[in-house]
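Chain letters run A, B, ... following the sequence lines, proteins first and then strands; every chain starts at 1.
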2 protein chains.
Amino acid sequence: MKEQVSIKQIAEICGVSVATVSRVINDNGRFSEETRQKVLSAIKQTGYKPNKLAIGLRKNKSNIIGILVPDITNGFYSAVVKKCEQALSKNGYSSIVCNTDRSAEKEANYLQTLSEHMVDGIIIISTNPSDHYLNVNIPIVFIDRNPDIESKIVITSDHYYGALEATNYLIKTGFSPYIITTKTKAITTKERVRGFYDAIKQHKIDSTDRMLTLHSTSNEFLDKNTEALTFIKNISDKKIGIFTINDNVAYITLQTALKLGKKIPDDFSIIGFDDAPISKIATPQISSIHQNTDELAEKATQLLMEKLADPDNPMNVTKTIPTNLILRNTTLPS
Amino acid sequence: MKEQVSIKQIAEICGVSVATVSRVINDNGRFSEETRQKVLSAIKQTGYKPNKLAIGLRKNKSNIIGILVPDITNGFYSAVVKKCEQALSKNGYSSIVCNTDRSAEKEANYLQTLSEHMVDGIIIISTNPSDHYLNVNIPIVFIDRNPDIESKIVITSDHYYGALEATNYLIKTGFSPYIITTKTKAITTKERVRGFYDAIKQHKIDSTDRMLTLHSTSNEFLDKNTEALTFIKNISDKKIGIFTINDNVAYITLQTALKLGKKIPDDFSIIGFDDAPISKIATPQISSIHQNTDELAEKATQLLMEKLADPDNPMNVTKTIPTNLILRNTTLPS
DNA sequence: GTCAATTGAGAGAACGTTTACTCAGGAAAG
DNA sequence: CTTTCCTGAGTAAACGTTCTCTCAATTGAC
């Protein structure tokens with residue numbers, strides 16, 4: 001093991017004080033060009049690296065941002081995380097990524113850990129409506145969750161409008177609209193369901209028995225089609241249009257419809273949500289509501305940076321990012 | 001903002017010295033039961049959280065592990081990262097995840113940042129053969145890369161044997177074997193290619209013109225089929241068996257074969273590598289060589305923990321994790 | 001030549017911990 | 001009643017930085 005070289009050694013080598021070296025490194029304060037050269041070359045020569053722990057302790061700032069994400073394995077979330085990490089890195093921050101597995105308990109634990117690590121800020125991508133982040137006094141930006149607290153920064157896709165648009169499209173292209181969702185308390189889900197029913201209402205369609213709630217919450221989307229199977233079988237409409245709460249459910253629905261011999265997209269149309277990779281990989285490719293992950297992540301990072309620059313500003317901001325309908329092969333052309 | 005409470009306030013509240021509080025917190029040294037209760041209740045009451053920056057500075061240990069990953073958006077990598085993060089968390093470590101985008105430069109930068117953050121260890125999931133990690137004196141565990149240094153800890157799937165098995169299976173079920181790979185210097189790729197050719201050799205099959213190297217390295221696997229298209233068109237064998245370097249390429253190959261009207265799996269067989277989600281989502285589902293991501297991650301974490309427990313031990317370990325062939329619908333039964 | 005202003009740089013406190021020393025007081029042993 | 005030993009707890013240094021005070025030396029104005 002090479003020895004870790006500290007600012008003190010640099011000072012010794014250059015025959016100056018520790019303070020002077022610090023000044024040169026941070027280009028802060030006064031020093032002669034000569035000193036500057038000496039210090040810089042000593043740094044290069046020794047491979048000195050500033051100890052962020054010490055800096056953090058002194059400045060009360062770790063330069064680390066925590067990112068809480070339900071499941072990094074999920075294509076939508078990983079896309080957001082990746083972009084967040086990129087944007088943060090550009091701003092000089094490192095990111096600690098934490099998988100919450102959608103568990104409120106894990107979320108609370110990680111929040112504690114992050115807070116101990118003195119992270120400067122936290123980005124929470126989550127759908128859990130629990131409230132344990134309330135007693136953490138670190139700037140937080142929420143992606144896709146809208147917690148019930150006074151001032152907060154929230155970035156969210158327009159789930160309501162996306163669902164509305166999808167449902168309207170199904171109706172417009174001649175299908176009788178249904179929705180398949182999952183059992184969850186997520187706010188995003190609620191918004192999407194609301195959008196679905198509002199579209200129905202607008203078209204004065206009877207809204208009874210139009211929703212199926214899948215009970216399996218896991219990602220093991222295959223072989224779990226029995227619920228969907230009976231639901232679809234029992235629909236008497238000739239042309240069935242299904243809006244699903246996400247692309248995984250859309251995939252399940254697609255497989256089920258194929259199993260039942262439905263003609264897609266002539267008699268059976270599907271629109272998913274998220275525009276996750278799975279929608280492009282499936283055969284036929286699934287139409288979906290695109291969430292702009294890049295913009296979600298960039299906006300979140302940007303707002304967090306603003307908050308960090310001026311922590312005393314309450315900043316009660318809610319930014320909605322528009323979604324758009326991506327038409328693929330489970331829908332008819334308009 | 002609530003004020004950050006430090007060990008000093010706890011000491012004041014309890015009317016004891018800072019040292020005593022520290023002793024209670026770490027259950028280290030002597031103190032009376034009475035003191036213990038006092039301190040504990042003060043901690044609970046104030047919501048005191050130990051400052052990991054200060055602890056890290058003092059103990060020269062950050063309790064953070066850096067994870068370098070080419071692309072967290074890739075199903076295989078994200079699975080490994082997720083499991084690593086879980087295992088590390090169980091051991092009391094947080095993880096800083098860094099996307100290298102397969103760029104050696106980014107990798108070097110992140111390595112520098114991680115080293116500044118005083119991470120206790122690094123897990124590198126990478127295929128880049130560059131060597132800039134040499135001047136970092138932090139314990140490193142490599143997943144799937146075998147760097148040319150003296151003592152190192154390497155965990156790798158058995159790429160060679162996996163490829164061998166896949167190719168043998170194609171031959172055994174009556175197909176003339178070909179390989180489609182991508183342009184990369186990755187060691188894993190080399191091993192897989194070697195396995196392919198060794199299988200061919202064992203069966204005394206002429207090895208000329210059996211490989212296509214795709215030039216597009218991006219993940220945009222759709223609409224890039226032209227290279228694959230002409231390659232497959234030019235094969236005169238009645239029964240074509242293709243081993244692909246990964247599942248994305250397998251997917252491209254599958255789409256191309258379908259476009260050409262090939263009968264799968266009767267006249268055209270495909271085996272991919274990684275057993276990534278895409279292989280299960282595609283229609284038909286693609287047979288693939290399964291990499292045991294959980295074991296890869298767990299073993300890596302375990303070995304890193306061992307190394308951290310005894311840093312002076314050189315530990316030159318190479319652990320190979322067996323792969324296995326998952327038969328789906330792009331292969332004939334044996 | 002005097003005084004003021006500027007420049008370069010050192011001393012030392014502070015950030016929040018841990019831990020090696022130290023020591024007072026009481027119990028046990030003789 | 002000494003002496004020894006243990007228990008509980010305080011003191012202060014150290015970890016690697018930054019940054020506020022200093023202050024000496026140089027420069028420049030008059």
Side-chain angles (χ1 to χ4, degrees), chain A residues 1-40 42-43 46-64 92 113 115-120 137, chain B residues 1-40 42-43 46-64 92 113 115-120 137:
Chain A
M1 284 257 190
K2 257 181 286 179
E3 272 183 72
Q4 211 32 326
V5 26
S6 81
I7 203 171
K8 208 185 256 174
Q9 345 267 353
I10 302 291
E12 255 168 43
I13 291 173
C14 302
V16 300
S17 75
V18 173
T20 303
V21 177
S22 171
R23 276 191 286 257
V24 171
I25 291 172
N26 298 294
D27 197 11
N28 173 10
R30 291 185 295 241
F31 46 84
S32 69
E33 179 58 24
E34 195 196 338
T35 312
R36 191 166 163 273
Q37 293 301 338
K38 259 198 301 187
V39 171
L40 257 35
I43 288 178
T46 56
Y48 162 77
K49 299 185 187 88
N51 182 331
K52 287 237 165 96
L53 258 35
I55 297 175
L57 179 60
R58 175 63 224 242
K59 290 200 182 170
N60 200 22
K61 185 169 185 325
S62 63
N63 262 278
I64 298 181
T113 308
S115 144
E116 287 175 3
H117 273 299
M118 303 282 127
V119 296
D120 297 334
N137 59 356
Chain B
M1 286 256 189
K2 257 181 286 180
E3 273 182 70
Q4 211 32 324
V5 26
S6 81
I7 202 171
K8 209 186 255 172
Q9 345 269 354
I10 302 291
E12 258 168 39
I13 291 174
C14 301
V16 298
S17 76
V18 173
T20 302
V21 177
S22 170
R23 276 190 285 257
V24 172
I25 290 172
N26 298 293
D27 197 11
N28 175 9
R30 291 185 296 240
F31 46 84
S32 70
E33 179 58 23
E34 195 197 337
T35 312
R36 191 168 163 271
Q37 293 301 339
K38 260 197 301 188
V39 170
L40 257 35
I43 288 178
T46 55
Y48 162 76
K49 297 185 188 90
N51 183 331
K52 287 235 164 95
L53 258 35
I55 297 175
L57 178 59
R58 176 62 223 243
K59 290 200 182 171
N60 200 22
K61 184 168 187 327
S62 63
N63 262 277
I64 298 180
T113 308
S115 144
E116 286 175 0
H117 273 299
M118 302 283 128
V119 296
D120 297 334
N137 59 357

Q | Heavy atoms of other groups near E33(B) CD, more than 12 under 6.0 Å | A | yes
(Q) Among dG10(D), dG16(C), dT17(D), which nucleotide has an atom closest to any side-chain atom of A54(B)? (A) dG16(C)
Q) Atom CG of N51(B) and atom C1' of dA14(C): how far apart are they, to the nearest Å? A) 13 Å
Q. Of all the nucleotides listed (dC19(D), dT17(D), dT17(C)), which has the minimum atom distance to the side chain of V18(B)?
A. dT17(C)
Q. Considering only dG8(D), dG8(C), dG10(D), which nucleotide approaches the side chain of R30(A) most closely?
A. dG8(C)
(Q) Please confirm whether the shortest side-chain N or O distance from N28(B) to OP1 or OP2 of dT19(C) is below 4.0 Å. (A) yes
Q: Report the distance from atom CG of N63(B) to atom P of dG16(C), rounded to the nearest whole Å.
A: 20 Å
Q. Out of dA9(C), dT19(C), dT17(C), which nucleotide sits closest to the side chain of K59(B)?
A. dT19(C)
Q. Are I10(B) and T46(B) side-chain neighbours, meaning at least one heavy-atom pair lies under 4.5 Å?
A. yes
Q. Can you tell me how far P of dT17(D) sits from CD1 of I10(A), to the nearest Å?
A. 9 Å
Q: Could you state the atom-to-atom distance from NZ of K52(B) to C1' of dC15(C) in whole Å?
A: 18 Å
Q: Determine the contact category for L57(A): base if any of its heavy atoms lies under 4.0 Å from a base atom, sugar-phosphate if only primed atoms, P, OP1 or OP2 are that close, otherwise nothing.
A: base
Q: Please name the pair of heavy atoms, one in L57(A) and one in L53(B), separated by the smallest distance, quoted to 0.1 Å.
A: N-CD2, 3.9 Å
(Q) Just the rounded figure in Å: distance from P of dG16(D) to NE2 of H117(B). (A) 17 Å
Q) Is the phosphate of dA9(C), meaning OP1 or OP2, less than 4.0 Å from a side-chain N or O of T35(A)? A) yes
(Q) Looking at E116(A) and K49(B), is any side-chain nitrogen of the basic one under 4.0 Å from a carboxylate oxygen of the acidic one? (A) no
Q: Check whether any side-chain nitrogen or oxygen of S32(A) sits under 4.0 Å from OP1 or OP2 of dG8(C), and answer yes or no.
A: no
**Q.** Base of dG8(D) paired with side chain of R36(B) (donor-acceptor, under 3.5 Å)
**A.** no
Q) Between N28(B) and R23(B), is there a donor-acceptor pair closer than 3.5 Å when you use the side chain of the first and the backbone of the second? A) no
Q) Quick one: K8(A) NZ to dA13(D) C1', roughly how many Å, whole number? A) 11 Å
**Q.** Among dT17(D), dT17(C), dT11(D), the nucleotide that comes nearest once only the side chain of A19(B) is considered
**A.** dT11(D)
Q) At under 4.0 Å, does any side-chain N or O of S17(B) touch on OP1 or OP2 of dG10(D)? A) yes
(Q) Can you work out whether P50(A) or G15(B) has the more 5'-proximal nearest nucleotide on DNA chain D? (A) G15(B)
Q. Could you state the CD1-P distance from I7(A) to dA14(D), rounded to the nearest angstrom?
A. 18 Å
(Q) For the backbone of G56(B) and the side chain of K61(B), can you confirm whether one donor and one acceptor N or O come within less than 3.5 Å of each other? (A) no
Q: Check the distance between dA24(D)'s C1' and F31(A)'s CZ and give it to me in whole angstrom.
A: 20 Å
Q. NA contact type, N60(A), heavy-atom cut-off 4.0 Å: base, sugar-phosphate, or nothing?
A. nothing
Q. Of the nucleotides dT17(C), dA9(D), dG10(C), which has the atom closest to the R23(A) side chain?
A. dG10(C)
Q) So does S6(A) get a side-chain nitrogen or oxygen closer than 4.0 Å to the phosphate oxygens (OP1/OP2) of dC15(D)? A) no
(Q) Between S22(A) and dT17(D), is there a contact of a side-chain N or O with OP1 or OP2 at under 4.0 Å? (A) no
